[in-house]
Number of protein chains: 2
Amino acid sequence: MPAHASAGLAEYERSCEGHPGGPEAGRMIREVLDRVGDKWSLLVVATLGDDVLRFSDLLRHIPGISQRMLTLTLRQLERDGLVIRTAYAEVPPRVEYRLTALGATFVEIAHTIAQWAIANHSTIEQSRAEYDAR
Amino acid sequence: MPAHASAGLAEYERSCEGHPGGPEAGRMIREVLDRVGDKWSLLVVATLGDDVLRFSDLLRHIPGISQRMLTLTLRQLERDGLVIRTAYAEVPPRVEYRLTALGATFVEIAHTIAQWAIANHSTIEQSRAEYDAR
DNA sequence: CGGAATCCCTTGGGATACTG
DNA sequence: CAGTATCCCAAGGGATTCCG
């Protein structure tokens with residue numbers, strides 16, 4: 001990655017021209033964000049962590065998510081290879097979800113974001129208050 | 001942060017109960033994602049990096065963004081204290097944007113995501129293809 | 001140049017009801 | 001239990017036009 005940690009994406013793309021990966025960083029970021037930057041994906045991945053959870057477990061651990069959105073989100077994550085779905089032919093049915101190896105690598109990013117969110121939450125709130133007051 | 005890097009959010013929240021920051025990690029992640037997980041914010045922040053760019057510069061460097069969305073995104077980022085807007089009273093007008101110190105800390109996350117996106121892009125594409133083929 | 005305002009279509013996503 | 005199927009509203013966001 002960039003030698004200079006806070007180099008702009010523009011500069012980064014310049015350094016990429018020509019070789020694999022190419023200057024398409026912007027497009028790829030957008031694609032990843034479309035998947036994991038939606039309303040629930042990152043939260044589902046972060047909640048799974050290294051646990052194995054059932055559908056109803058996830059529903060309980062993620063306050064505010066609807067059954068519908070949990071279903072859709074899990075399907076997408078499964079399609080993208082971040083989550084493994086295991087259904088047991090029992091009655092009543094039991095379905096377990098866990099992260100793939102790829103999914104596990106993303107958890108670290110999720111934690112980085114969570115950490116940043118927690119650390120800067122109040123600063124942002126304050127900035128908003130000041131902005132709105134002008 | 002968690003000793004175990006890939007611990008679940010559930011486990012992390014458990015370890016947080018009681019003290020400042022609290023078990024609200026999920027809510028805070030959602031709030032941060034609502035800001036920076038939208039369609040353009042992260043890309044704007046990543047593009048700014050440590051550069052100072054004009055409105056039209058950003059418009060050119062971020063393929064696909066509309067004038068409207070760039071305006072709205074910059075306003076939000078300014079409100080949240082991630083971006084500083086400087087308007088010069090000239091004609092024709094000139095407006096420059098750069099990151100605040102807070103914004104700069106987020107660039108590192110942006111780069112982490114970019115890195116992950118680039119590294120795993122093809123794996124995800126492949127996983128999708130396999131999923132769709134079944 | 002750097003927006004603001006309007007129009008209008010598409011998507012996201014909640015609520016609810018039903019099913020194997 | 002773990003979904004699927006509908007309905008439907010609200011928000012997102014592109015295209016276009018106008019303005020200081």
Side-chain angles (χ1 to χ4, degrees), chain A residues 26-27 29-45 47-48 51-80 83-98 131-132 134, chain B residues 26-27 29-45 47-48 51-80 83-98 131-132 134:
Chain A
R27 210 201 71 228
I29 294 175
R30 290 267 40 263
E31 283 181 18
V32 166
L33 251 62
D34 280 341
R35 175 69 28 249
V36 87
D38 66 28
K39 200 170 178 182
W40 300 112
S41 291
L42 193 141
L43 221 44
V44 168
V45 170
T47 301
L48 273 174
D51 298 333
V52 176
L53 299 176
R54 303 180 56 163
F55 187 85
S56 48
D57 291 332
L58 287 166
L59 211 50
R60 262 195 312 280
H61 278 78
I62 306 175
I65 197 170
S66 66
Q67 200 179 47
R68 169 191 156 84
M69 289 318 294
L70 180 55
T71 301
L72 292 179
T73 302
L74 285 168
R75 289 287 176 278
Q76 293 298 320
L77 292 173
E78 189 192 1
R79 185 169 108 101
D80 289 351
V83 157
I84 292 177
R85 186 191 119 112
T86 315
Y88 297 90
E90 305 172 357
V91 42
R94 177 167 55 105
V95 181
E96 290 179 346
Y97 293 92
R98 60 196 162 87
Y131 185 94
D132 294 344
R134 315 179 305 166
Chain B
R27 210 202 70 229
I29 294 175
R30 292 268 39 265
E31 284 181 17
V32 167
L33 250 63
D34 281 341
R35 174 70 26 251
V36 89
D38 67 29
K39 202 171 179 184
W40 301 111
S41 291
L42 194 140
L43 220 45
V44 168
V45 171
T47 301
L48 273 175
D51 297 332
V52 176
L53 299 177
R54 300 179 59 163
F55 187 85
S56 48
D57 291 333
L58 287 166
L59 211 49
R60 263 195 312 278
H61 278 77
I62 306 175
I65 198 170
S66 64
Q67 199 180 51
R68 168 191 157 85
M69 289 317 295
L70 180 55
T71 301
L72 292 179
T73 302
L74 285 169
R75 288 288 174 278
Q76 294 298 320
L77 292 173
E78 188 192 0
R79 183 169 108 102
D80 289 351
V83 158
I84 293 177
R85 186 191 118 111
T86 313
Y88 297 90
E90 304 171 358
V91 44
R94 176 167 55 105
V95 180
E96 291 180 346
Y97 294 92
R98 59 194 163 89
Y131 185 94
D132 294 343
R134 314 179 307 167

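Worth saying up front: this structure is predicted, and the values here are computed from it rather than measured. Residue numbers start from 1 in every chain, and the chains themselves are labelled A, B, ... in the order their sequence lines are given, proteins ahead of strands. The basis for the numbers below is simple: all heavy atoms, side chains too, and nothing from hydrogens, waters or symmetry mates.
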Chemist: Give the minimum heavy-atom separation between B/Thr73 and B/Met69, together with the two atoms involved.
Modeler: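 Shortest heavy-atom separation between B/Thr73 and B/Met69 comes out as OG1-O, 2.6 Å.
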Chemist: Using heavy atoms to find the nearest nucleotide of DNA chain D for B/Gly64 and B/Gln67 separately, return the residue whose nucleotide is more 5′.
Modeler: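 Its nearest nucleotide being more 5', the pick is B/Gly64.
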Chemist: Between C/dG13, C/dG2, C/dG3, which nucleotide gets closest to the side-chain atoms of A/Met69?
Modeler: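 Closest nucleotide among those given: C/dG13.
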Chemist: Please indicate whether A/Arg79 has more than 12 foreign heavy atoms, meaning atoms of other residues, nucleotides or ligands, lying under 6.0 Å from its CZ.
Modeler: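 Correct, the count exceeds 12.
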Chemist: Can you measure B/Arg94 atom CZ to D/dG20 atom C1' for me and round it to whole angstrom units?
Modeler: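 Result: 18 Å.
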Chemist: Side chains of A/Thr71 and A/Phe55, heavy atoms from C-beta outward: is any pair under 4.5 Å?
Modeler: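 Yes, at least one pair of side-chain atoms sits under 4.5 Å.
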Chemist: Side chain of B/Pro92 only, please: which of C/dC1, C/dG2, D/dG14 is the nearest?
Modeler: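 Among C/dC1, C/dG2, D/dG14, the one nearest the side chain of B/Pro92 is C/dC1.
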Chemist: Contacts to DNA chain C from residues 71-79 of chain A, heavy-atom cutoff under 4.0 Å, which residues?
Modeler: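 Contacting residues: none.
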Chemist: Closest heavy-atom contact between B/Val52 and B/Glu96?
Modeler: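 Taking B/Val52 first and B/Glu96 second, the nearest heavy atoms are CG1-OE1, 3.5 Å.
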Chemist: With axes from five pairs an end, tell me the bend angle of the helix from C/dC1-D/dG20 to C/dG20-D/dC1, nearest 10°.
Modeler: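 End-to-end axis angle: 50°.
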Chemist: Roughly how many Å is it from CG in B/Asp38 to P in C/dT11, rounded to a whole number?
Modeler: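 About 18 Å, once rounded to whole Å.
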Chemist: Please check if the number of heavy atoms outside A/Arg94 that lie under 6.0 Å from its CZ is greater than 12.
Modeler: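 More than 12 within 6.0 Å, yes.
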Chemist: Could you check whether A/Tyr97 gets within reach of a base, just the sugar-phosphate, or nothing at all, counting any heavy atom under 4.0 Å?
Modeler: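 Contact class for A/Tyr97: sugar-phosphate only.
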Chemist: Heavy atoms only: give me the nearest B/Val36-B/Ser41 pair and the separation to one decimal.
Modeler: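 Looking at all heavy atoms of both residues, the closest pair is CA-CB, 3.8 Å.
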Chemist: State, to 0.1 Å, how close A/Thr47 and A/His61 come at their nearest heavy-atom pair, and which atoms those are.
Modeler: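 Residues A/Thr47 and A/His61, closest heavy atoms: CG2-CB, 3.7 Å.
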Chemist: Of the nucleotides D/dA2, C/dG2, C/dG3, which one has an atom closest to the side chain of A/Phe55?
Modeler: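 Within the option list, the nearest is D/dA2.
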Chemist: Measure from the side chain of B/Arg68, starting at C-beta and using heavy atoms only, and say which of C/dT6, C/dG2, C/dG14 lies closest.
Modeler: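 It is C/dT6.
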Chemist: D/dG14 P sits how many Å from B/Leu70 CG, rounded?
Modeler: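 Taking CG of B/Leu70 and P of D/dG14, I get 11 Å after rounding.
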Chemist: Please evaluate residues B/Gln76 and B/Trp40 with respect to the criterion side chain to side chain contact (heavy atoms under 4.5 Å, CB included), reporting the C-alpha separation (whole Å), side-chain torsions for both, the decisive distance (0.1 Å), and the verdict.
Modeler: CA-CA 11 Å; B/Gln76 294 298 320; B/Trp40 301 111; over 6 Å; no
Chemist: Of the nucleotides D/dC1, C/dC1, C/dA17, which has the atom closest to the B/Pro93 side chain?
Modeler: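 Among the listed nucleotides, the one closest to the side chain of B/Pro93 is C/dC1.
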Chemist: Between B/Arg60 and B/Asp57, is a side chain to side chain contact (heavy atoms under 4.5 Å, CB included) present by the stated rule, with each step listed?
Modeler: CA-CA 5 Å; B/Arg60 263 195 312 278; B/Asp57 291 333; 2.7 Å; yes
